[in-house]
Amino acid sequence: MTQKISFDFSNAKFMAKDADIEAIKSRVLEAKKTLVEKTGEGNDFLGWIDLPVNYDKEEFDRIKKAAAKIKDDSDVLLVIGIGGSYLGARATIEALRHSFYNMVDKNVRKTPEIYYCGNNLSSTYYAELVDVLADKDFSINVISKSGTTTECSVAFRIFKELLEKKYGKAEASKRIYATTDKEKGALKTLANSEGYETFVVPDDIGGRFSVLTAVGLLPIAVSGADIDLLMQGAANGREYCLNNDFDNNDALKYAAVRNVLHEKAGLGMEILGNFEPSLHYVSEWWKQLYGESEGKDGKGIFPTAVDFTTDLHSLGQFIQEGTKNHFETFINVLNPRKVVTMQLEETDLDGLNYLAGKDVDFINKCAMNGTILAHVDGDVPNIRIDMDAIDELSLGELFYKFEFACGVSGYTLGVNPFNQPGVESYKKNMFALLGKPGFEDMTAKLKARLGE
Ligand SMILES: O=P(O)(O)OC[C@H]1O[C@H](O)[C@H](O)[C@@H](O)[C@@H]1O
């Protein structure tokens, strides 16, 4: 199967030398073995490894049917979720669909507008989203693996009420789709009692690895993207990751190179850079994937991201000449979806006639290559990921390769890549400050620290 995604490590070699890669290779292969033989910590969260070839076909069909109903009866789909219950869907939809999706005439777009909430606690955001929904027919996909995440529950309460006011309880319950645990959690209890259609987040797939479950697939299908091709792309990635030896396996090499850059060169930050604005949320998804998987036990590479060329005019200076603690990974889209050719102007006052006849993407690629060389000259190693196109097959493959490399990289680093215990600390404090029953003994202490 031809691969749509390939990695180029040549511009990282000056810090991740062949000998360093050779030296870490056995640890990476051991980590791969631990992952695929499911013998490591977190091995009850490895359902994503075979997901692209082993998923619930009956549910997959129900997802398509639900998507068709939503397309038919709704001007808007409201997607309520946070973290792994949000980023994969948004990453995919923003990458694959029109750059100005919600603004495209609905007769041309033929699919509902899509808005996201439950991913913050801003009263302004919620009040203004209510304004947007005022005269629109809408449906809700509420997504939470635990079914108890505060942001998600707060948003759902607000928009469930709006929906029920608009349609009455019975019709509203037909416009709510809940994606959650098959039996546990407040959302599942609510869905059962109100009769919402439900989709399952499998027990053995953590939120940040769940984009290709119903978590991502229902909103993605509503947007009009092809979920069969997305799964196929991931299946192609899986085949590649599982079956190629180290020398022919970019996912394993990526795990190796980033660990070498971290351990040997002492670099603490990886900056994922794109040159296509529609990939912004792919970076957000990647940040959660690597951040929650590796940042623990006082270890890990801090994953951050830039949108280029935009951020070359803000963060470019720091990356080039500031504290040297980072390496970069660029996503290079080989074939842009659209072409815009520069025209010749008679007067040439802007001095751009030398570009007449060239595609804007040619300028973009020159900016990218110029940036790679400049940053390498500034001692910033660069990994380049070539992506055939921003389409379903390429994106599915990219997701899988990032997930697989993440599992291998986490085990190579020596952490459990599949838990996120640190996320609970702020939640406990927030519950105590909110006065949630059961957290009373912490409340006074925290309030004193806040001077209240
Ligand atoms: O899907 P949920 O249970 O609502 O969780 C949503 C997100 O919030 C948590 O705090 C975790 O850190 C994330 O890993 C998770 O993806």
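When a ligand or atom number is given, it counts from 1 through the structure's own listing order.
- For atom 9 (C) of ligand 1, the nearest non-hydrogen atom of the protein is K427 NZ, 3.5 Å.
- For atom 14 (O) of ligand 1, the closest non-hydrogen atom of the protein is E292 OE1, 2.7 Å.
- Taking CD1 from I220 and CG from L395, the interatomic distance works out to 8.0 Å, rounded to the nearest 0.5 Å.
- Applying the salt bridge (Lys or Arg N to Asp or Glu O under 4.0 Å) test to residues at least two apart or on different chains, none of the pairs has a partner in residues 436-452.
- Looking at atom 6 (C) of ligand 1, its nearest protein heavy atom turns out to be I82 O, 3.3 Å.
- Considering only heavy atoms from C-beta on, Y55 comes within 4.5 Å of M231 through its side chain.
- Relative to atom 3 (O) of ligand 1, the option among S146, G207, G291, S293 with the closest non-hydrogen atom is S146.
- Rounded to the nearest 0.5 Å, atoms CD1 (I301) and CD (E263) are 8.5 Å apart.
- Taking every heavy atom of V423 and a limit of under 4.0 angstrom, the matching atoms of ligand 1 come to 10 (O), 12 (O).
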Only pairs under 3.5 Å count here: list side-chain donor-acceptor contacts from residues 196-206, not counting sequence neighbours, and write none if there are none.
unit_1: E197; atom_1: OE2; unit_2: R62; atom_2: NH1; d: 2.7
unit_1: D203; atom_1: OD2; unit_2: K182; atom_2: NZ; d: 2.7

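- Under the 3.5 Å distance criterion, the side-chain polar atoms of T323 are left unmatched by any main-chain donor or acceptor of N325.
- The nearest protein atom to atom 5 (O) of ligand 1, hydrogens excluded, is given as T149 OG1, 3.5 Å; this is a heavy-atom distance.
- Those atoms of ligand 1 with a heavy atom of S85 less than 4.0 angstrom away are 1 (O), 2 (P).
- Look at Q288 and you'll find a heavy atom under 4.0 Å from some atom of ligand 1.
- Between D20 and the choices K264, K25, R258, K253, the salt bridge (Lys or Arg N to Asp or Glu O under 4.0 Å) rule is met once, by K264.
- Here the heavy atom of the protein found nearest to atom 16 (O) of ligand 1 is G84 N, 2.8 Å.
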